[in-house]
There are 2 protein chains.
Amino acid sequence: MKWKELEEEPCSMARTIGVIGDRWTLLILRECFLRTRRFEGFQSALGITRHLLAERLKKLVRQGILRRVPYQESPKRHEYILTQKGLDLYPIMMAIVHWGDTHMVDVRGRPLLHQHRNCGKDFDPVMVCSECGEPVLAKEVHTHPGPGASRPLAQKEAPAPKPKARRKAA
Amino acid sequence: MKWKELEEEPCSMARTIGVIGDRWTLLILRECFLRTRRFEGFQSALGITRHLLAERLKKLVRQGILRRVPYQESPKRHEYILTQKGLDLYPIMMAIVHWGDTHMVDVRGRPLLHQHRNCGKDFDPVMVCSECGEPVLAKEVHTHPGPGASRPLAQKEAPAPKPKARRKAA
DNA sequence: GTTTGACAGTTCAAAAAAAGAACTGTAAAT
DNA sequence: ATTTACAGTTCTTTTTTTGAACTGTCAAAC
């Protein structure tokens, strides 16, 4: 499977992964949310090679996640700013950070805290159901094909312990 | 920057990316949540090379995201099951799917719908504040160093338009 | 008025990772 | 005796990524 194919699969997850699903892209986006805007800023904050950085920024611009905005003429210089589409990635970023806060911190605790200006408190992101407002657990979700499903792609697996004379069971 | 270093950075996002931040790992996890459990299942659903699949599964087991559970003796066979740590990735997966549903669908609509058993309705995931319960927007969040912050890593950038006789502005 | 530095890249060889295909091995089914 | 299911491993080729240097414009410092 090549990257182009990913973006054409009938799966919102595959398509999204095709766009932002690599290590450098995710780190670049982290920097964007921390207000980094310029080439040198990304480069020195991340230690990414300039070559790859240029490539990834181009891709993010092509995808409409960043906008390349000039901030001075001659030498032309641009800043990379999150578009609305890019800002919409925020829940993904927060979910990633939150998992790390839960499962990857050392004894010292979390490196970064997030304060919600609305209520003034440090918070964690919680995923709730848009319909009933309750927190959503994986077990409580049933997944089924929508209008854009061509190949099923879901549930294709798990032929269910076909009990047709199996081998010596464990 | 190599992958090992990523996992040691004082940043929950970098650490998480070090574990799940590559394309195949994310797709493997998608399959896990769709109830795929076996080597061949992953391989045929994803078209990943067997070599990489073996490697990624090993890594996920090492990280405690999957558990390798025997389901038959001689030929020893195992299933890969999400641990609680793995199940906790669900909000990340849902956030990714939701972004794709919002920004990457074609005319036909979403490939997959998610039904919340609690309320019976098809839903979207919404990220809310653990403290006040309101939806969280990127703009409303202030980020500040926590106990585990050694190097700042945040806000290191943006020296703020230092107005010290700038070049010919655009 | 020459040098230095900031900035935003591009170029190219070398190293690392991934793809592709075939091979190993156990055991049941045909 | 052969085929099939399953879970890998091995090996070669291709693609990506790294690392380091180079290009080019301009401002400021010397």
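Naming: A, B, ... by sequence-line order, numbering from 1 per chain. Atom set for the values below is all heavy atoms of this structure, side chains included, hydrogens, waters and symmetry mates excluded.
Between its opening and closing five pairs, the helix from C:dG1-D:dC30 to C:dT30-D:dA1 changes axis direction by 10°, a value rounded to 10 degrees.
Distance CZ (B:Arg23) to P (C:dA18): 11 Å, rounded to an integer number of Å. The distance from atom CD of B:Gln43 to atom C1' of C:dA19 is 12 Å, rounded to the nearest whole Å. Atom CG of A:Leu53 and atom C1' of C:dT10 are 13 Å apart (whole Å). Summarising the geometry, the separation between CG on B:Asp22 and P on D:dT16 is reported as 15 Å, rounded to the nearest angstrom. Put simply, CD1 on A:Ile28 is 13 Å from C1' on D:dT17, counting in whole angstrom units. Between B:Leu46 atom CG and C:dA19 atom P the separation is 11 Å, expressed in whole Å. Per the geometry, CG belonging to A:Leu27 stands 16 Å off C1' belonging to D:dT18, to the nearest Å. One interatomic measurement links the two molecules: CD of B:Gln72 to P of C:dA27, which rounds to 10 Å at whole-angstrom precision.
B:Tyr90 meets the side chain to side chain donor-acceptor pair (under 3.5 Å) test with no other residue; sequence neighbours excluded. Taking B:Glu79 as the reference, B:Arg38 meet the side chain to side chain donor-acceptor pair (under 3.5 Å) condition, with sequence neighbours excluded. By the side chain to side chain donor-acceptor pair (under 3.5 Å) test, B:Asp88 is found to be paired with A:His103, B:Gln84, residues two or more places apart in sequence or in another chain being considered. Under the rule for a salt bridge (charged side-chain N to carboxylate O under 4.0 Å, His left out), the partners of A:Asp106 that lie at least two apart in sequence or sit in another chain are A:Arg108, B:Arg15. Considering only residues two or more places apart in sequence or on other chains, A:Arg110 meets the salt bridge (charged side-chain N to carboxylate O under 4.0 Å, His left out) condition with A:Asp101, A:Asp124.
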Quiz: residues 111-120 of chain A side-chain donor-acceptor pairs under 3.5 angstrom, not counting sequence neighbours:
from	atom 1	to	atom 2	distance (Å)
A:His114	ND1	B:Thr143	OG1	3.2
A:Gln115	NE2	A:Gly120	O	2.9
A:His116	NE2	B:Glu140	OE1	3.2

Could you pull out all donor-acceptor pairs under 3.5 Å where a side-chain atom in residues 46-57 of chain A meets a protein atom, sequence neighbours excluded?
from	atom 1	to	atom 2	distance (Å)
A:Thr49	OG1	A:Leu52	N	3.4
A:Arg50	NH2	A:Glu40	OE2	2.5
A:Arg56	NE	A:Asp22	OD2	2.9
A:Arg56	NE	A:Thr25	OG1	3.4
A:Arg56	NH2	A:Asp22	OD2	3.0

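The residue B:Arg56 sits close only to the backbone: its heavy atoms come under 4.0 Å of sugar-phosphate atoms, none of a base.
Of all nucleotides listed (C:dA27, D:dT18, C:dT26), C:dA27 comes nearest to the side chain of B:Ser74. Checked against D:dG24, D:dA7, D:dC26, the side chain of B:Tyr71 finds its nearest nucleotide in D:dA7. In this structure, the nucleotide among C:dG20, D:dT18, D:dC6 sitting nearest to the side chain of A:Leu52 is D:dT18.
Contact annotation: B:Trp24 does not reach the phosphate of C:dA17 (side-chain N/O to OP1 or OP2, under 4.0 Å).
A donor-acceptor pair under 3.5 Å links the side-chain atoms of B:Trp99 to the main chain of A:Lys85, judged by distance alone.
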Worksheet item: Going through the distances and angles, do A:Arg67 and A:Tyr80 end up as a side chain to side chain donor-acceptor pair (under 3.5 Å)?
Response: CA-CA 6 Å; A:Arg67 201 180 19 244; A:Tyr80 296 89; over 6 Å; no
Restricting to nitrogen or oxygen on both sides, can you table the protein-nucleotides 8-12 of chain D pairs closer than 3.5 Å?
from	atom 1	to	atom 2	distance (Å)
D:dG8	OP1	B:Arg68	NH2	3.0
D:dG8	OP2	B:Tyr80	OH	2.7
D:dG8	N7	B:Arg50	NE	2.8
D:dG8	N7	B:Arg50	NH2	3.0
D:dG8	O6	B:Arg50	NE	3.1

